[in-house]
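Below: the structure, in structure tokens.
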There are 2 protein chains.
Amino acid sequence: MVAPSLRARVRAGMIDEIKAVARRHLATDGANLSLRAVARDMGMVSSAIYRYFPSRDDLLTALILEAYDALGDAVETADAAVDQADLRERWHAACRAARAWSLAHPAEYALLYGSPVPGYAAPDDTVAPAQRPPLTLVGILRDGFAAGRLQPPAEEVPEPLRAEVAELGALLSVDLPPALLARGMAGWTQLFGLISFELFGRINRTLPHRDEYFDHQINLMADLIGLPRSAG
Amino acid sequence: MVAPSLRARVRAGMIDEIKAVARRHLATDGANLSLRAVARDMGMVSSAIYRYFPSRDDLLTALILEAYDALGDAVETADAAVDQADLRERWHAACRAARAWSLAHPAEYALLYGSPVPGYAAPDDTVAPAQRPPLTLVGILRDGFAAGRLQPPAEEVPEPLRAEVAELGALLSVDLPPALLARGMAGWTQLFGLISFELFGRINRTLPHRDEYFDHQINLMADLIGLPRSAG
DNA sequence: TCCATTTCGAGAGCACCGCTCTCGAAGAAG
DNA sequence: CTTCTTCGAGAGCGGTGCTCTCGAAATGGA
């Protein structure tokens, strides 16, 4: 492990600064990030940016990766901060953390979960960070089921689908009955839908008590999954 | 009611043709619609388009309005086509119609439910068409509750939120217990999330049986709402 | 029928965009 | 001290949304 040269450190600093300025532009101007505007803000000419990012999409990818990790960190630390035996509280904490991060970073959320940019194809190294939030949620189910605190639902998943859901569970390394995993995925889908509706301004214009609405809907999904209600 | 002049008819035809070409471009090139490309396809110069649409956003708004109406038509006719007494079947038909339309028109779906275009603010005349799909869904609940075939859920919505949800119900002219309406909104949120995940390519890469997955998840929400299972 | 008015397409032009290429200055390495 | 690498500046290409002007054509009243 040799110490990075001065040039390498300066270069890393430049990359960080470009990303920081780009993130600021993203927050104010929305999703259509302008490389030239970022360069102007840094006192550079636009072509100089290409010394650090081969294209605008690569800069976007870097921002997406960082956003996924920031969201994943927020959700995971929120889940880890509460009593691990209290499944309902863990579910609440994880969902609330996801919503809080999204409300605090709406442009980055849109980058992650909005409509895909036309020409842009997410590279493969984004899938692992992207799975962290849903993995946290199903991890709560895994822990609960392993501890016997979470009962599998009454219904069974019919066969063409059952094997696939089971395979998905194996892929995610969560040992869950397919019907339970399917309900967990319903919870994740619901969480995404709730945040998207709130951020993209659909229904909630008429619902000023957004926190209470979110909590109520999250509780409904926790009921559907069968998470035991918190004691107290 | 005077017959429209020749010039007016030609103008209306031009507007329709521009929208048709724009819709085609939307389907192939994605969300970033180029006015110049549309003009080129019509053998016109770009500035001529401005005789018919004052800006690119206005053309987008026209496309959005038509898309909302097309989706609303699809959902409403699917709901109306089945036995009105079979609530579960109506729920299924409406949700499947929404998904089918979305899969057939992914770019237009992204226009409606994707991340909002940065500078674009949806005008007020889009809210009524936008409410048609969720109104169809809660209409199923309204009919079921009025007919006594749908029981209100056991839980009660706590007070700061209860009044707001009730007010929302009054605004939508659906007479439902707040807790039941909240569950209906959960179903609508879930439907949006399911379609978005499938279209924007998130989880379902590992789930080839998408139809079965969708049906299973929709059924889960129908269970949560309390829709009676179809006889047979 | 003639003429004033309106409509509309073409063209040039402005500022902006992503991206490529070349060139010269400056630092790193030998 | 010299060679090589790195990097910013600048010009330029084709694209975008949008504005303005001009001339042709259609409309409609006298």
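Quick caveat: nothing in here was measured; it's all calculated off a predicted structure. So you know, we letter chains A, B, ... as the sequences are listed, proteins then strands, and number each from 1.
Here D41(B) pairs with R24(B) under the salt bridge (charged side-chain N to carboxylate O under 4.0 Å, His left out) rule; sequence neighbours left out.
Remark: P of dA26(D) and CZ of R9(B) are 15 Å apart, rounded to the nearest angstrom. Taking atom CZ of residue F53(B) and atom P of nucleotide dG9(C), one finds them 13 Å apart after rounding to whole Å. For the pair Y50(A) OH and dG10(D) P, the computed distance is 17 Å after rounding to whole Å. With rounding to whole Å, M44(A) atom CE is found 6 Å from dA9(D) atom P. Between H25(A) atom NE2 and dG18(C) atom C1' there is a gap of 15 Å when expressed in whole angstrom units. The interatomic distance linking I15(B) (CD1) with dG9(C) (C1') rounds to 15 Å, in whole Å.
The V45(B) side chain lies nearest to dG11(C) when the options are dC18(D), dG11(C), dA9(D).
If you check every strand for non-hydrogen atoms under 4.0 Å, Y52(B) touches sugar and phosphate atoms only. Within the 4.0 angstrom heavy-atom criterion, no nucleotide atom of any strand lies near M42(B).
Taking both residues in full, the closest heavy atoms of V165(A) and L181(A) are given as O-CD2, 3.5 Å, listed atom of the first, atom of the second, then distance.
Atom CD of E167(B) has 12 or fewer neighbouring heavy atoms from other residues, nucleotides or ligands inside a 6.0 Å radius. Around CG of D69(A), the count of heavy atoms belonging to other residues, nucleotides or ligands within 6.0 Å exceeds 12.
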Practice prompt. Show your working on salt bridge (charged side-chain N to carboxylate O under 4.0 Å, His left out) between D215(B) and R96(B) and close with a plain yes or no.
Written response: CA-CA 8 Å; D215(B) 281 358; R96(B) 284 196 184 128; 2.7 Å; yes
Fill in: Residues D58(B), S55(B); criterion side chain to side chain donor-acceptor pair (under 3.5 Å); working and verdict
CA-CA 5 Å; D58(B) 290 85; S55(B) 82; 2.7 Å; yes
Discussion item. Quick one, R23(A) with L63(A), criterion side chain to side chain contact (heavy atoms under 4.5 Å, CB included). Give me CA distance, side-chain angles, the key distance, then yes/no.
Written reply: CA-CA 7 Å; R23(A) 207 165 13 235; L63(A) 295 178; 4.1 Å; yes
Discussion item. Determine whether M185(B) and Q190(B) satisfy the following criterion, side chain to side chain contact (heavy atoms under 4.5 Å, CB included), listing intermediate values before the conclusion.
Written reply: CA-CA 8 Å; M185(B) 293 166 69; Q190(B) 176 79 355; over 6 Å; no
Could you list the protein-to-nucleotides 11-16 of chain D atom pairs, N/O on both sides, closer than 3.5 Å?
| unit_1 | atom_1 | unit_2 | atom_2 | d |
| --- | --- | --- | --- | --- |
| dT16(D) | OP1 | S34(B) | OG | 2.8 |
| dT16(D) | OP1 | R40(B) | NH2 | 3.2 |
| dT16(D) | OP2 | R40(B) | NH1 | 3.2 |

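Note on R11(B): every side-chain N or O is 4.0 Å or more away from OP1 and OP2 of dT7(C).
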Worksheet item: Which letter, B, S or -, goes with each nucleotide of nucleotides 22-30 of chain C from 5' to 3', with contact meaning a protein heavy atom under 4.0 Å?
Response: B----BS--
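Side-chain atoms of S115(A) and Y113(B) form no donor-acceptor pair, as typed in the model, at a separation below 3.5 Å.
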